[in-house]
Each structure stands twice: as structure tokens, then as C-alpha cells.
Amino acid sequence: MREEAVDPAPESGAEAAAGRHERLLAQVAALPNLPGVYRYFDAGGMVLYVGKARDLKKRVSSYFTKRHVGSEGAIRIGHMVSRIARMETTVVRSEAEALLLENNLIKTLAPRFNIRFADDKSYPYLKIESHRFPRVAYYRGSVDQKHLYFGPFPSAWAVKDSIQLLQKVFHLRTCEDTVFANRTRPCLLFQIKRCSGPCVGYIAPEDYARDVANAERFLRGEQQELMDSLQAQMMGRAEALQFEQAAEIRNQIGSLARVLHQQSVEDNTGARTKDADILAVKVDGGRACVNLAMVRGGRHLGDRPYFPKHVESAIGVDVESIDDDAAAGHEKPVEVRVLEAFIAQHYLEGGLPPLLVVSHAVDKALVEALAAQAGVKVTVQHQPREQRRAWLDMCIKGAALRLAQLLAEEGSQQARTRALVEALDIAVEDLHAFRIECFDVSHTAGEATQGSCVVFEAHKMQSAQYRRYNIAGITPGDDYAAMRQVLTRRYAKLVEAASQGTSRLPDIVLVDGGKGQVGVAKEVFEELGIELSRIVGVEKGEGRKVGLEELVFADGRPKVGLGRESAALMLVAQIRDEAHRFAITGMRARRASVRTGASRLEEIAGVGPRKRAKLLQRFGGARGVSHASVEDLATVEGISRELAEEIYRALH
């Protein structure tokens, strides 16, 4: 693998643009006729586009030697090319290797002109924990070799539904090991026949192990083999005159048969489809939705929508030559490009099932490259029949519904943004870039005071930009001092960054409070030289009733009452409530970290109830223990120097 890059010397104006173009053409002329990946960057160093090529020289040269006019896609390409300041290329050994590298770079670099899906690693699993009497549990996170994991599942509901099913059919336990080890009588789950009561010895270990093995076979999709095995067990019990046990197995067979009848997926030959992903794409209104439905172990587990970024500015990817394909009218439909982007990015790190059922035909080379990397054989069906056709139709309908819902929500949110701008009577050039920052302060009787800042931009809350501020050095319970500290810490740095062009101030700063809080914000902004017109306070109305709030301004404008049904008030309430929620959760977490010293003491080996009580009594509580030195801890009766050091390490 070989990389090449060019860094142009700083220039300006038309000469700079012409010079960059000449340098890029010179670099293109030197490219090899080999497979590889190319990256385009703008003058600010931001990556614009990542693409792959079977022939780097032919592919890259088509960007710079042809006029991009005519189709909308060609115009977008021309717009991107005009912004290219430099490029980097990487030569690889094969087209498949180029495809994998391309999508790795798309995920890590987040290019402006590539269709990109958020990297979602939050899929839940069903876990069967290692134990003499294993338990089934919901799990989310990285898997290991110690336990058995089944999934991934499209949603938490799918996992919990599967756990309930295993309880009904196989009576496996779900209680924590600590609860299991301390039971003296069976719980309610045993009474309602959802657990076989292994905690109190109501089932032999070998019988429970058989139920666990049957559950594993069920989750792997070996339903017919499992049914045959249960039938044989039932007959064996009956022949041994163990009629009660035979009846239990009969009931188990009946429950299992009902589940299989409701949730199985059969292919055209009547055989059950064990593992498959069904993918449908819908594009409308400049947005796209890929709906993924999962079939695992012969059971349909539900679906999950994905909404890619940059669909509106996406370049036609995975075409060997812009000139050959687009000019001939063979440019891939946007639905195909979105679906291929999803497949490439979603399955890049594995999890590829043996069957993909897709709403649009996709490039076979793409799937073959992913399958080769995963070491599995994959079949792709574009026009399935019978049962699979029904599942695909459901998936397509789901994609359309989810996209329509998204567009409706975005339309509603845009209307709220517009209503607030009109109510505030401010001039906003780009409504999409309209930015609000909202602040709130939370504490419990002065303890664990914390301020929050939430951000609203592009018609939605931007959770990645939220910030929390731990407040110190003020009189406990002084909300005005806390707000002053938060605003000063927030905007002292932001003003400096804005002056250097690396950031910008919000259009509106929303504070949850009336004249008092607005007055504090006014003082801070005057000290920092920020326009007072940005400050808006939310004052409770008469009787502090919801819907009667009024907006208070720092620049002397009269109050504005929005009205109970106002779209602007709905947006203000949404942002304010989010700031309050964010502050409350942060305050509670901080308070818990202070107050949980006693519970942390319980986890230290050698610190029993008596020693813990002496420590808490000696230092006046968990906080005092955490602040004590090793020497101080060692002065407590029963605490040796070694144990004092262990306590100090555990609490710090």
C-alpha cells in the first residue's frame, strides 16, 4: 500500500485557484493505472470526498479534465471539484481492498460529499451466562468468550421478547446471581410457570442443563431438530410411566409449536430461513431511510430505521468513470447508492448474515468483498417470492412510514423555529443555522451545584455539544452566582474563539428565569462585550402555570407573551425542559458520586459492617472517609496500615 499527497503553497485569488488546479493536474498525470482510494480536501483541510477506483489515473482524471454540466449529479460534482485544494491517494492490491479501505475512511473521516451512516454500536444481545444454572439476560456492549451471546437484535424490545419466550417455553431463570444464591423459597416466576426454581433445588442440574441446551438450539434456528428431540423425550417419559414429566414436555412442545408458527420465515422451497437481513430504502424530500429487518434463528426480530447524512450532496459513488456512466445515462439511482453505502459501512466490521434480501439490486462485487473479509458465503436476493416477498414488502412499507414520520417531524420543528424567530423579531439569514444555547442551574439544598448548557441548531437538539459545569466557590444555594459562573466560563472562551474565526456566538442565549437571571446574564455580557439582544429569559407566568410563560429581554424590550398554543412557546419549552433534564441528571450523578462512599466501602475486602460503621462514625460520613489520609484511616480501631492503604486506593 502506497500513499501520495500534495500540499500547495499558500496563494490567493484567481492565481491561487489556477495554481492549485495545475498542481492537481500534474499529480493526476503521475498517478498509476492501479486500484486505489483517493481523498479530496478543501483549502481549510476538511475532507470533501473519499472514493475508490479500479484505475486511479482514469478515475481521478475524469474529475479534472471534463466539464460537469447537465444532470444534477454532474453539477454537484462540479461544485465539489471547484473546492478541491489538495488530494491524497492510496494504491492497494485489489478492487476489493480499495472498497474496504474506502468505507473505513468514510466512517473515520466523515467526508462532506459522501453518503454516511452514523456508526451505531449499540445493538443489544441476549446473553446466556456461564453458571451451574445459567441465566438468560439482556446485554449491551462488547462480547467475550466467557458467556454465550445471541444476536445482535434490532431493538431492546426484541431481546426482552425473546427472553420472555425462553421463560415460557424452557423456564430458564433471569434473576441475578446474588439473588439466586440467597433464595430460600421460589419467587413469583416459579408460581406462574416462568421458571423451574433451580434456586431452591426444584429441578435437577442435568434437567436444567437440558433446558438450557434446548434454548440454545432454538436460538440457533435448529427448531426442527429440537422438536424431534422433545418428541423423543416425551415418548421416553411416557414409556417409563413418568406421566407428569411427559405432560410438561408435551406442553413445552405445544408452546414451541405456537411460537414457530407465528414467527417462522419460509423460503420458496418450504425450508425455513434461519438468518437473514432484509433491507429496503426510500428516498424523498432530500432525506433517505434504510430499514433493516432481521431474521435470526428462523424468527423475525423486528426492524430498525437508519437515516444517512449528506444524501442531498452525495456524489454518484462506485461508478468507474463519471464521463462513461453519467453521460450515457447510467448513473446509479440515489436509492442504489444509499443502499450500497449502508451495506458497505454497516457490515464492514462483520455481522454479515448468509442471506440479504434487498429492495434494489446492488453491486455484487461489494457483497463479495465484504463476504470474503468476513469469511462467509452470502446470497443476495433482489426479487424474492412468496414469504420473503411479503417480508420485503413489509420492510419497504416500514421505510416509507419512518421517512414520512421523519419529514413530518422535521417540518414541524422547522415551523417552530420560524415561529420563534418571528416572535423575537430578529433577522436570521439562514434558519437552518439558527442557534440557541440554553442554561439552567440545579442543586439539592446547595449540594452538588451544577450548571448545564444545551444547544439547539439545525432545527434539533445537538446533544454532542451539550456541556456541564461543576460550580464551586459560591454560597450554597446562590443561583445567581452559579449562573454568573457558568456564563462567564462559557462565553469568555467563546468570544476569543469567535474573534479568531474558529467559532461563533449563538443567536439566542436562553436562561431559565426572569429579571434576576437576565440581569446576571446582562452583567456578564457587558463585561465580555457581547450584544445584549442575544439574551432571552423565560419567566414563569401568573401562578407559575404552564403555557403562561413570558420572554424577558436584557436590552430593554418589553416582555413577550407567546400564548398557550404558540409554536414558538413549544420550542422554548422543549429547549428549557431539555436544559433542566440535563442539569438534573448531572447534579444527581455528582451528588451520588459524593454520597456513595459508604456503598464503595462495602466493596472493599476486609471492611465489614463493624469497621465500616467505625469509619463513618470517626470521620462523620462517607465524604469524610474519602477525604481522610492513610495515616488518619489507620488511627481507627481495627484498621491496619495495609487496610488503610487499600481503603484509600479504593476511594481515590
Side-chain angles (χ1 to χ4, degrees), residues 2-9 11 14-92 95 97-99 101-106 109-116 310-334 336-338 340-341 344 363 365-366:
R2 185 173 75 253
E3 295 196 6
E4 299 177 3
V6 62
D7 293 295
E11 294 173 312
E15 293 182 358
R20 284 197 300 267
H21 188 70
E22 291 299 323
R23 281 191 295 272
L24 289 169
L25 288 177
Q27 187 182 6
V28 170
L31 289 175
N33 297 101
L34 296 172
V37 173
Y38 53 93
R39 280 96 67 199
Y40 295 144
F41 298 83
D42 65 12
M46 180 180 295
V47 61
L48 296 171
Y49 184 68
V50 174
K52 72 173 189 335
R54 183 183 303 133
D55 184 323
L56 266 177
K57 186 170 186 177
K58 181 181 177 182
R59 180 74 171 103
V60 175
S61 65
S62 64
Y63 283 95
F64 300 98
T65 59
K66 305 297 180 183
R67 292 186 63 200
H68 306 294
V69 296
S71 70
E72 185 179 350
I75 294 172
R76 288 199 303 268
I77 294 171
H79 173 63
M80 183 196 72
V81 171
S82 68
R83 296 175 57 183
I84 298 175
R86 68 182 181 92
M87 68 177 173
E88 296 178 356
T89 60
T90 303
V91 176
V92 296
E95 187 180 4
E97 188 175 336
L99 185 148
L101 176 59
E102 174 199 31
N103 284 282
N104 262 318
L105 291 172
I106 289 173
L109 299 178
R112 170 68 178 83
F113 286 89
N114 283 96
I115 298 173
R116 181 167 58 88
H310 307 156
V311 175
E312 72 286 349
S313 59
I315 304 300
V317 295
D318 296 329
V319 291
E320 187 57 24
S321 169
I322 300 173
D323 189 59
D324 294 343
D325 287 350
H330 296 155
E331 184 179 355
K332 290 185 179 180
V334 66
V336 174
R337 287 183 275 144
V338 169
E340 289 183 347
D363 188 355
L366 167 66

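- To the nearest 0.5 angstrom, Leu109 atom CG is 11.5 Å from Leu48 atom CG.
- Asp42 contributes a side-chain N or O that, together with a main-chain N or O of Gly44, makes up a donor-acceptor pair within less than 3.5 Å.
- Nearest heavy atoms, Leu56 versus Thr90: CD1-O, 4.1 Å.
- Of all heavy-atom pairs between Ala98 and Gly36, the closest is CB-O, 3.7 Å.
- Looking at every heavy atom in both residues, Asn33 comes nearest to Lys57 through ND2-CB, 3.7 Å.
- The aromatic ring centres of Tyr38 and Tyr63 sit less than 6.0 Å apart.
- Taking CD of Glu95 as the reference point, atom CG of Leu366 lies at 10.5 Å (rounded to 0.5 Å).
- Taking all atoms of both residues into account, the shortest heavy-atom contact from Val37 to Glu102 is CG2-N, 3.9 Å.
- Each of Met87, Met46, Arg83 was checked for a side chain to side chain contact (heavy atoms under 4.5 Å, CB included) with Tyr40, and the lone residue meeting it is Met87.
- Between the OG1 atom of Thr89 and the CZ atom of Arg59 there is a distance of 14.0 Å, given to the nearest 0.5 Å.
- Counting all heavy atoms, side chain and backbone alike, Asn103 lies closest to Leu99 at ND2-O, 3.0 Å.
- For the atom pair CZ of Arg86 and CZ of Arg23, the computed distance is 12.5 Å after rounding to the nearest 0.5 Å.
- Closest approach of Asp363 and Glu340 over heavy atoms only: N-OE2, 2.8 Å.
- With rounding to the nearest 0.5 angstrom, the OG atom of Ser61 is 8.0 Å from the CG atom of Asp55.
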